[in-house]
Amino acid sequence: MEKIIILDFGSQVTQLIGRRIREIGVYCEIHPFNKIPVLDESVKGVVLSGSPFSVRDPQAPQLNLDCIKGKLPLLGICYGSQLLANNYGGCVERSASREYGRAMLNITDKDCLLLNDVPDCSQIWMSHGDTITSLPAGSHIIASTPDVAAAAYRFDKEETYAVQFHPEVYHTVHGAKILENFVCRICGCSPTWTAESFVESSVAALREQIGDDKVILGLSGGVDSTVAAVLLNKAIGSNLHCIFVDNGLLRLNEARDVMESYRDMGLNVVCADASETFLSVLEGVTDPEQKRKAIGKTFVDVFNAEAMKIEGAKWLAQGTIYPDVIESAAVGAGSSKIKSHHNVGGLPKKMHLKIVEPLRSLFKDEVRRVGRSLGIKQELIGRHPFPGPSLGIRIIGEITREKLEILRGADAIYTNALREWKVNAEGSRDTLMCAAEPSRPASTLYDAIWQAGAILLPIRTVGVMGDERTYDYTIALRAVTSTDGMTADWYPLPYEFMAKVSNDIINKVRGVNRVCYDISSKPPATIEWE
Ligand code: XMP
């Protein structure tokens, strides 16, 4: 399969370059600048990313580009463009004036393929403290801004291009066109990387890799494990053995509903109902960390015991996705760090299983697209993230059966109301987009919100219902916007919506007489309360 290689020099937005190129329909991989993969004939071009460093810094990441430049199409972005200038006889100096943010691009070489169909004076996004003050011999400027003469340049007689701005960010209005010109017109790639082509090639590759072996997979009800399961099921059918652990802390009817959907999808799945085990382990535990540890350990024990029943299994499948496996370029630190992700919490070591990760090359939005092309229902594809410890960390303090029942009732009313509340009705001024897939308009509040849930607080307060005094619990509602869960802000729920949900919860859930809305951002708060 033809591909583009992106060499990462540590920029915050390197992953965006990858996502934009994938959106064009061309497969690409991100590698640290100091671990260049084999450049075989499948590699059609190379992109050099930005970096937090200046090329003039003694610790700046250095790379001899002779094995690429002039041999394969090459595009340097920001630091990448300055590295090209610096390495090949140009001059890079500290900028005299600020070069951050919006600028307008004047195209000076109208014949240059890189800027084909990019209108003159279009907005670009700059973010650098250095600038190129003289170009390497044998190169010429193809576009400038009022402040930066060499905003874009190319080497003559070879397919090497450089832009000091960031075509990968949305603020560069025609950035996608510039990247498309590079990967399709200059590198000659065809836009054939689609969800459907991914499914087709993965199914063939998984069959080849796994053969007639048995595979175990932990299903959580979340998007990644579900898509991984359906893909594997398509490849190896009933040799895929899925395990769903009911930890007794799930949402109202969740275990039942999720198991029904899995069976509808034809998955070979067992539900390990360990509710009693979890609840007894959690008895009297109030500290958030101890609760998390107890839930995590019990999960591993239950999962392993269930996995041991599957005789002769050779593989453990995981729903690992690309952001978890991209090796980050640890610029300046000398070594690279790999983030590992085990979404089943621990492996049954005694079984000596090999790992298969069918989604490890996909970004989250691509996982959703693949899921949709596999026919998985939107309710499952569009589900909000839900923490492994489940409602266990949304009952503050000790978990009891009574509190679980109260929280389940309140959470169901809240979540259902979010799913039913329509947005983007005709005549509404702004279009609300899906939090999980910003390229799609949201149809309900649920879709517009990144994550929502109810929390049961461990205090009781006085209220009055009818003529009766009550002394009941408080429910806090949480709804946030986010792109990755790392930072988040509270979502401005409509007042009428809040009024309806508060009223429904207090009237219908026995044991609750107060509802609050959490208006804290992350940081300094977190999304979950424990
Ligand atoms: P916080 O509370 O740290 O959460 O702002 C960020 C995101 O991570 C989820 N979360 C978890 N997910 N196991 C998980 O699988 C956990 O222990 C866990 N704790 C938090 C949280 O729901 C949010 O999406």
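Only heavy atoms go into these numbers, but all of them, side chains included; no hydrogens, no water, no symmetry mates. In listed order, ligands and their atoms are each counted from 1.
Between Glu530, Glu528, Lys522, it is Lys522 that holds the heavy atom closest to atom 6 (C) of ligand 1. Comparing Ser220, Gly485, Gly392, Pro387 against atom 10 (N) of ligand 1, the shortest heavy-atom distance belongs to Pro387.
Note on Arg401 versus Glu276: salt bridge recorded, some NZ/NE/NH1/NH2 to OD/OE distance being below 4.0 Å.
When each of Tyr446, Tyr414, Tyr491, Trp450 is tested with His384 by the rule ring-ring contact (aromatic ring centres under 6.0 Å, His included), just one qualifies, namely Tyr446. If you run salt bridge (charged side-chain N to carboxylate O under 4.0 Å, His left out) between Asp365 and each of Arg20, Arg22, Arg19, Arg372, only Arg19 comes through.
Close N/O approach between Trp450 and ligand 1 is not found [any backbone or side-chain N/O within under 3.5 Å]. At under 3.5 Å, not a single nitrogen or oxygen of Pro385, backbone or side chain, sits near a nitrogen or oxygen of ligand 1. Residue Pro389 places no N or O, backbone or side chain, under 3.5 Å from any N or O of ligand 1.
For ligand 1, the atoms lying closer than 4.0 Å to a non-hydrogen atom of Thr526 are 1 (P), 2 (O), 5 (O). Ligand-side atoms of ligand 1 in range of Gly388: 12 (N), 13 (N), 14 (C), 15 (O), 16 (C), range being under 4.0 angstrom from any heavy atom.
If you look at Met486 next to ligand 1, there are no close heavy atoms at all, none under 4.0 Å.
Ser11 and Ser49 share no donor-acceptor pair across their side chains, judged by distance under 3.5 Å alone.
Remark: atom 24 (O) of ligand 1 lies closer than 4.0 Å to at least one protein heavy atom.
Figure legend: cation-pi geometry between Arg369 and Phe198 absent, as NZ or CZ is not positioned both under 6.0 Å from the six-membered ring centre and within 45° of its axis.
Scanning all heavy atoms of the two residues, the minimum distance from Ser521 to Pro523 falls at OG-O, 3.1 Å.
Shortest contact from atom 19 (N) of ligand 1 to any protein heavy atom: Arg292 NH2, 3.1 Å.
For Asp273, the side chain to side chain contact (heavy atoms under 4.5 Å, CB included) partners are Asp246, Ser275, not counting sequence neighbours.
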